[in-house]
Amino acid sequence: MATNYQRLGGGEPANRSVLNTSVNTSTEESGSRIHYRVYKRRWYVLAVLCVLNISNAMAWITFAAVADSSAAYYHTTLENINWLSVVFMIASIPFGFIAAWMLDTVGLRAGLLLGAWLNIIGLVIRYISSVHKIIPSDYSFAVVIVGQSICAIAQPFLLFAPTKLAAQWFPDNHRAIANTIGSTSNPFGLLVAFALCSVIVKNDGDIPNLLLYFTIPGAVGALMVTLGMWSSVPPTPPSASAADRHESFFQGLKKIIRSGPFILLVICFGAGFALFSTVTSIVEEILCARGYNDSFSDLCGALMIGCGMVGALIAGLLVDKYRNFEEMAKIGFAMTSLSFIVFAVFSHMRDKEPYIITSLSLLGLFGFGIYPVCLELGVECVYPVSEGTSAGFMAMSGQIQGMLLIFVYNGLSTKLSPAEMQYQQCNGTSSSNGTDSFSHSMYSNHSMYSKFMQSSSSTQPMDTTVTVLVYAGYLVLATVIFILFFRTEYKRMRAEHFSAADHVLNYSSRNIIQQNRSIYS
């Protein structure tokens, strides 16, 4: 496996670069004053992004968590309520291109401003739809679709931003952890939404209060970015790559298409991201068919997401210190595949709780843990392509492959046999209000993917044995291809290394000239 030294083309390892900076001061090493600086304000900018991502994630999953109550309040069907989550998937592809272009061409502040105000406008429209004194009940569902669609359009502007923000505001030895914090704010928003939904909504009359409360984080985020974020970049760049001139969006597209390593990363990353999202969605359906109750599914799903956030933070800290992006990604892929194979074997057996809960915890730890690492690796593959472009294409790959996994689920899942039916505990299908079980609402409804899946499996519990095995084969194939064939240079790190060396050489040359002049003067 190539070392960082080899990837940089020789010279000192990147983590000994003279570019490493201290908070709020210029660096000065080897007698060379290098004008790269970091500002405490970078944490405020990161906080703005986190608040916006949390708010948008809460908007995304609002109605899925209380689907039955929402259907009753808006006098519509569950299939129609499903579209309130599905619209996020539909909007992510066309508006993903626009978001990537805007973040890279117009700037981070413009992208976040647009995303923040689209988000809050959509949230306000959603709330207005629930006030029947303003909107007649016959039109309220049409209005809530409009509001939810506007929130969906906002998502790519916020979801693609962490990699861009980390590159422009944080020094090279803190980029990965900054990207991790920004990226994990979205699943944290899902956890917050489900916790609040289960507390606030006791019957369909509580829907207006829920929508009002969910508007507050969006309003806070919009005010934070409008009043407190004055520019897309800091006055002085934090690193050489941040100071460097990036390629235009369309030049970046051409470079991405021609980059074999990046295309391979996009495909393999998308496969892992899609599988993680899909399995998180259907874990309750898989387990209840084999006699595991909602409480156990609740614990499994919470551990998947919770361990994933912990894994992402650990991975971010490690790659910031050691810069082994490729090695970390490959180890993560391998451990994710092994964890899922264990889950695929034991999930269709009864009374295997220790194996299931351990495998799903490890699946979250490694599966989501490498998410920010892969985003940073994508930047290294195609630098100087802008960070928003590379991150956007990787995220869209996950969305597209997620839709493919939906069709696999619908095509391969079968009804349980009469003998197996006596053990199933899939009582969520008869839930009266969608909040009887936190597990049911979260882990059979929590993502946009599951909304399609439920349409084929809501009549009775499904046997997903073949589906899960196919998913395991799909993930193993992506893992093997990634481990065997993915190789890349760390182009951004190499550029920063050469920039540092150039500073030192220029300084030495100036010193020699000054010394000669003093001798002969």
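Sequential numbering from 1 along the given sequence is applied to the chain's residues. Values below: every heavy atom of this structure, side chains too, minus hydrogens, waters and symmetry copies.
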With sequence neighbours left out, the residues meeting side-chain hydrogen bond (donor to acceptor under 3.5 Å, both in side chains) with T465 are R290, H348, D463
Compare all side-chain heavy atoms of [X] with those of [Y] and state whether any distance is below 4.5 angstrom.
{"X": "L317", "Y": "L313", "value": "no"}
{"X": "M224", "Y": "Y44", "value": "yes"}
{"X": "L165", "Y": "L108", "value": "yes"}
{"X": "L49", "Y": "P162", "value": "yes"}
{"X": "M58", "Y": "I54", "value": "yes"}
{"X": "D204", "Y": "Y74", "value": "no"}
{"X": "C307", "Y": "F368", "value": "no"}
{"X": "P208", "Y": "V131", "value": "no"}

In Å, rounded to the nearest 0.5 Å, how long is the span from [atom1] of [X] to [atom2] of [Y]?
{"X": "Y292", "Y": "R350", "atom1": "OH", "atom2": "CZ", "result": "8.5 Å"}
{"X": "L123", "Y": "L118", "atom1": "CG", "atom2": "CG", "result": "10.5 Å"}
{"X": "T336", "Y": "F276", "atom1": "OG1", "atom2": "CZ", "result": "9.0 Å"}
{"X": "L159", "Y": "F157", "atom1": "CG", "atom2": "CZ", "result": "12.0 Å"}
{"X": "F170", "Y": "L46", "atom1": "CZ", "atom2": "CG", "result": "4.5 Å"}
{"X": "L360", "Y": "L299", "atom1": "CG", "atom2": "CG", "result": "9.5 Å"}

Discussion item. Run the side-chain contact (heavy atoms from CB on, under 4.5 Å) test on F346 and S359 for me, step by step, so that the C-alpha distance in whole Å, both residues' side-chain angles and the decisive distance to 0.1 Å come before the verdict.
Written reply: CA-CA 9 Å; F346 288 102; S359 61; over 6 Å; no
Chi angles and distances behind the side-chain contact (heavy atoms from CB on, under 4.5 Å) call for L338, V342: CA-CA 6 Å; L338 291 174; V342 174; 5.7 Å; no
Check step by step if side-chain contact (heavy atoms from CB on, under 4.5 Å) holds for L362 and M335.
CA-CA 8 Å; L362 292 175; M335 294 303 298; 5.7 Å; no
What are the two closest non-hydrogen atoms of [X] and [Y], and how far apart are they?
{"X": "I153", "Y": "P156", "value": "O-CD, 3.2 Å"}
{"X": "S397", "Y": "G270", "value": "OG-CA, 3.5 Å"}
{"X": "F325", "Y": "V373", "value": "O-CG1, 3.7 Å"}
{"X": "P354", "Y": "T358", "value": "O-OG1, 2.7 Å"}
{"X": "A395", "Y": "F160", "value": "CB-CE2, 3.6 Å"}
{"X": "V468", "Y": "S347", "value": "CG1-OG, 4.4 Å"}

Determine yes or no for a side-chain-to-main-chain donor-acceptor pair under 3.5 angstrom, with [X] supplying the side chain and [Y] the backbone.
{"X": "R109", "Y": "M229", "value": "yes"}
{"X": "W169", "Y": "P238", "value": "no"}
{"X": "N56", "Y": "N53", "value": "no"}
{"X": "T226", "Y": "L223", "value": "no"}
{"X": "S55", "Y": "V51", "value": "no"}
{"X": "S390", "Y": "E387", "value": "yes"}

Parallel, tilted or perpendicular: rings of F273 and F269 (30°, 60°): parallel
Tabulate below the donor-acceptor pairs under 3.5 Å that side-chain atoms of residues 94-104 make, not counting sequence neighbours, or state none.
{"residue": "W101", "atom": "NE1", "partner": "T105", "partner atom": "OG1", "Å": "3.3"}
{"residue": "D104", "atom": "OD1", "partner": "K164", "partner atom": "NZ", "Å": "3.2"}
{"residue": "D104", "atom": "OD1", "partner": "G388", "partner atom": "N", "Å": "3.2"}
{"residue": "D104", "atom": "OD2", "partner": "T389", "partner atom": "N", "Å": "2.7"}
{"residue": "D104", "atom": "OD2", "partner": "T389", "partner atom": "OG1", "Å": "2.2"}

side-chain contact (heavy atoms from CB on, under 4.5 Å) filter on T467, not counting sequence neighbours, yields Y409, L412, S413, T464, Y471
Those residues at least two apart in sequence (or on a different chain) that pass ring pair (Phe, Tyr, Trp, His ring centres under 6.0 Å) with H132 are Y73
The complete set of salt bridge (Lys or Arg N to Asp or Glu O under 4.0 Å) pairs with one or both residues in residues 175-200, sequence neighbours excluded, reads R175-E496
query: So I81 and F141, side-chain contact (heavy atoms from CB on, under 4.5 Å) or not? Walk me through it.
result: CA-CA 9 Å; I81 293 296; F141 185 69; 3.9 Å; yes
Tabulate below the donor-acceptor pairs under 3.5 Å that side-chain atoms of residues 180-192 make, not counting sequence neighbours, or state none.
{"residue": "T180", "atom": "OG1", "partner": "A176", "partner atom": "O", "Å": "2.8"}
{"residue": "T180", "atom": "OG1", "partner": "A312", "partner atom": "O", "Å": "3.4"}
{"residue": "S183", "atom": "OG", "partner": "N179", "partner atom": "O", "Å": "2.8"}
{"residue": "S183", "atom": "OG", "partner": "N179", "partner atom": "OD1", "Å": "3.1"}
{"residue": "T184", "atom": "OG1", "partner": "T180", "partner atom": "O", "Å": "2.9"}
{"residue": "T184", "atom": "OG1", "partner": "I181", "partner atom": "O", "Å": "3.3"}
{"residue": "S185", "atom": "OG", "partner": "G182", "partner atom": "O", "Å": "2.6"}

Taking OH in Y139 as the centre, count heavy atoms belonging to other residues, nucleotides or ligands within less than 6.0 Å. Is the count above 12? no
